[in-house]
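Note that the coordinates shown come from a computational prediction; the quantities given were computed from them, not determined experimentally. In the text below, chain A, chain B and the rest are named by the order of the sequence lines, each starting its count at 1.
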Amino acid sequence: MTLYVVRRIGAGILLLLALSMLVFFLLRLAPGDPLSSYIDPMVSMTEQDMERLRQSLGLDQPLPFQYIYWLGETITGDLGRSLQRNGQPVSELLMASIGPSMLLMLSGSLLAILFGIVIGIVGAVRRDGPADVILAALSSVGVSSPAFLTALVGLYVFSGVLHWAPAGGMQEPGMPFTLSGLLSHLALPALILAFGQTALIARYMRSSLLEVLHQDFIRTARAKGVPRRKVILKHAVRNALLPVVTLIGSTLGLAVGGAIFIESVFNWPGMGLMMVTAVEARDYPLIMGGTLAVGAWVILANILTDVAYAFIDPRIKVG
Amino acid sequence: MATTPISHPRAKSPARRALGRFGSKPGAMIGLAVFASLLLLMLVHPLVSGIGPNTIDLRAINQGPSASHWLGTDGVGRDVFARLLEGGRISLLVAVTSSVASLVIGFLIGAVAGLGGRIADAIAMRSVDVAMTLPPVILLLVLASITGPGIGPTILVISLLSWPVLSRLVRSRLLELGQRDFVVASRGMGAGLGHLIWRHALPNSIDILVVFATLQVASAILLEAGLSFLGLGVPPPDASWGNMLFAARSTTVLTNYPWQWMFPGLALVVVVLAINFIGDGLRDAFDPRSEGA
């Protein structure tokens, strides 16, 4: 087991390295002088100073050397300075926005997993009943409507028309921090983030449970007189949950994509909103840092899923 | 002596049977009908209507749906209906062009990986792995930051993003195909990679390609809309469904002038649903096991 975990982490690190290479070389194709990301724009510099800095940073070296230099800096936590935000260090900006993003994505994914599993169970147990048909229609729409559209409609209905939810942001501006304030701002974006993913998880849960319900041990349990409810909840659902676990990893990855749009619509001060403004301003150091952070998060989520899967399903060969 | 021709009931070709199966799917036919009528509307409207997508009517700014402007007007007095159809033309142009491009890239890389030997396979598949690590939207943002906004760059960005899935599908099909006797024979007689790809790989993965191309148009429409919605795709004054929705990021437009963003949003969902139904129908139609089911 330990060996398996170590191997998965090793593969993850390699993948992250490859990703950093891809993004580094891609962004060097972009117009603009990479030197500007190392300069504090508040300090004026002469042409000679620039040349000396270029040499000391190794920017006069060939690209592969530059990459290795950049990698060294990145590993020690120095991601350069943002071009647009008064030269603030990228690492600080990232640190400040990871929290809100995590809060949004984790609560959205948690809701999606919860709803998805419950709806999937209902769909499988009452197969082709009214609840099942409504679910199928809703999940078709859920898959076909993009996150930003759901977010707009949600914002319009619950904030614009019904006035149930605040229009955006994480806190009431100018007010001291309160937990209820945070929760009331979080509820709508988290529910909307959950909407698209719920459909996916529910579909998966439904077909997985249907498969399990047709197996012999379920019939045996029923024949031995175990009540139907108990058979479904204790015997079938446990086994049906196994394949759904793999889906949770990709849900966490997908949440990143949805979160970008939802953060933009709701002005949620997270990574997504930061990435979008960074792209608009062509703030390359910030794009670079943000991409790496997201990549690391997705890879980590996948590793955790694989390990969790190997842990709960003894049939998986480990090693 | 007159010879009576013996009538052989000719067996239908696989393609014809697939077409028959496709025709018997109600979902796919409804999808096709909806998509075709919207397409017709998009193409015919500029020929018969006097109101263009950028015609400005200063007496009607931010007006709701009425007889002269069916879906209302926007903040500078442009007709939302005309812009919606113009947006549809541009969204479809971007989607179809980029789907064709990613079809070609994805097929060629998949084919080289599947038939070109172990080294080519390893290189192609590892790059696919890396490209699929990141959520598509993030890669979309990185690419968009390099190319900048515009119709051409948007097509480029979406094409570069969408091929990895297809490469995987094509590769796994061809790994199996490469072991078949007729391909081994063809190789033995000295066929080069180009011949193998053109004469064997292409006809034998045509079902994968058609289904991918159809579903890819739907996801390209969504990608374009997403990119334009963030202000990084098709820039104004050109209309696209994404940049019409971009206007709704202002709270005034969102709450006071809902017709300006709701109709483009509705069009987007309807078209994507219709194309997805067509794609699902095609997938079932190409699967002979679904005969009679």
Side-chain angles (χ1 to χ4, degrees), chain A residues 12 14-19 21-23 26-31 140-141 143-150 152-153 155-156 159-161 167-168 250 253-261 264-265 267 271-272 275-284 287-288 290-291 294-295 297-299 302, chain B residues 27 126-127 129-149 160 218-219 221-232 241-242 245-249 251-256 258 261-262 264-277 280:
Chain A
L14 278 184
L15 203 55
L16 194 60
L17 266 180
L19 188 68
M21 234 182 265
L22 176 79
V23 179
L26 268 181
L27 288 184
R28 281 293 144 97
L29 291 175
S140 265
V141 175
V143 171
S144 297
S145 57
F148 55 88
L149 193 58
T150 336
L152 284 181
V153 173
L155 191 62
Y156 175 68
S159 173
V161 178
S250 50
L254 278 179
V256 177
I260 288 182
F261 292 106
S264 312
V265 171
N267 266 319
M271 296 268 295
M275 279 292 278
V276 171
T277 45
V279 170
E280 275 165 0
R282 298 203 168 192
D283 188 345
Y284 295 117
I287 298 174
M288 190 85 204
T291 313
V294 172
W297 160 246
V298 173
I299 291 171
N302 283 330
Chain B
R126 290 299 82 74
S127 38
D129 284 345
V130 175
M132 286 178 78
T133 308
L134 278 180
V137 188
I138 295 286
L139 211 51
L140 204 67
L141 287 181
V142 172
L143 289 173
S145 75
I146 298 168
T147 60
L160 284 181
S219 66
I221 290 178
L222 288 179
L223 285 176
E224 181 278 325
L227 208 52
S228 303
F229 176 73
L230 295 174
L232 306 167
W241 290 335
L245 286 164
F246 176 74
R249 283 173 77 184
T251 323
T252 329
V253 172
L254 182 77
T255 45
N256 297 345
W261 60 271
M262 242 177 218
L266 190 67
L268 184 75
V269 174
V270 168
V271 166
V272 168
L273 262 180
I275 297 177
N276 279 338
F277 272 121
D280 287 346

**Item:** Flag side-chain contact, heavy atom, 4.5 Å: B:Leu139 against A:Thr291
**Value:** no
**Complete:** Heaviest contributor of heavy-atom pairs below 4.5 Å to chain A, chosen from B:Leu232, B:Asn276, B:Val269, is B:Leu232
**Message:** Heavy-atom cut-off 4.5 Å, strictly under: side chain, backbone, both or neither for B:Ser127 against chain A?
**Reply:** neither
**Message:** Would the distance check show the side chain of A:Tyr156 and the main-chain N or O of B:Met262 forming a donor-acceptor pair, the cut-off being under 3.5 Å?
**Reply:** no
**Asked** Of all heavy-atom pairs between A:Val279 and B:Ala144, which one has the smallest distance, and what is that distance?
**Response** CG1-C, 4.4 Å
**Item:** Taking every non-hydrogen atom, the tightest pair across A:Glu280 and B:Leu230
**Value:** OE2-O, 3.3 Å
**Partner residues of B:Leu245 under the side-chain contact (heavy atoms from CB on, under 4.5 Å) criterion, sequence neighbours left out** = A:Phe148, A:Leu149, A:Leu152, B:Phe229, B:Trp261, B:Leu268
**Option in A:Asn267, A:Ile287, A:Leu26, A:Leu155 with maximal non-hydrogen atom pairs under 4.5 Å from chain B** = A:Leu26
**Asked** Roughly how far, to the nearest 0.5 Å, is OG of B:Ser145 from CE of A:Met288?
**Response** 10.5 Å
**Message:** What part of B:Ala225 gets within 4.5 angstrom of chain A, counting heavy atoms only: side chain, backbone, both, or neither?
**Reply:** both
**Prompt:** For B:Leu143, is it the side chain, the backbone, both, or neither that has a heavy atom closer than 4.5 Å to a heavy atom of chain A?
**Reply:** side chain
**Message:** Counting heavy-atom pairs closer than 4.5 Å to chain B, which one of A:Leu22, A:Ile260, A:Val23 comes out on top?
**Reply:** A:Ile260
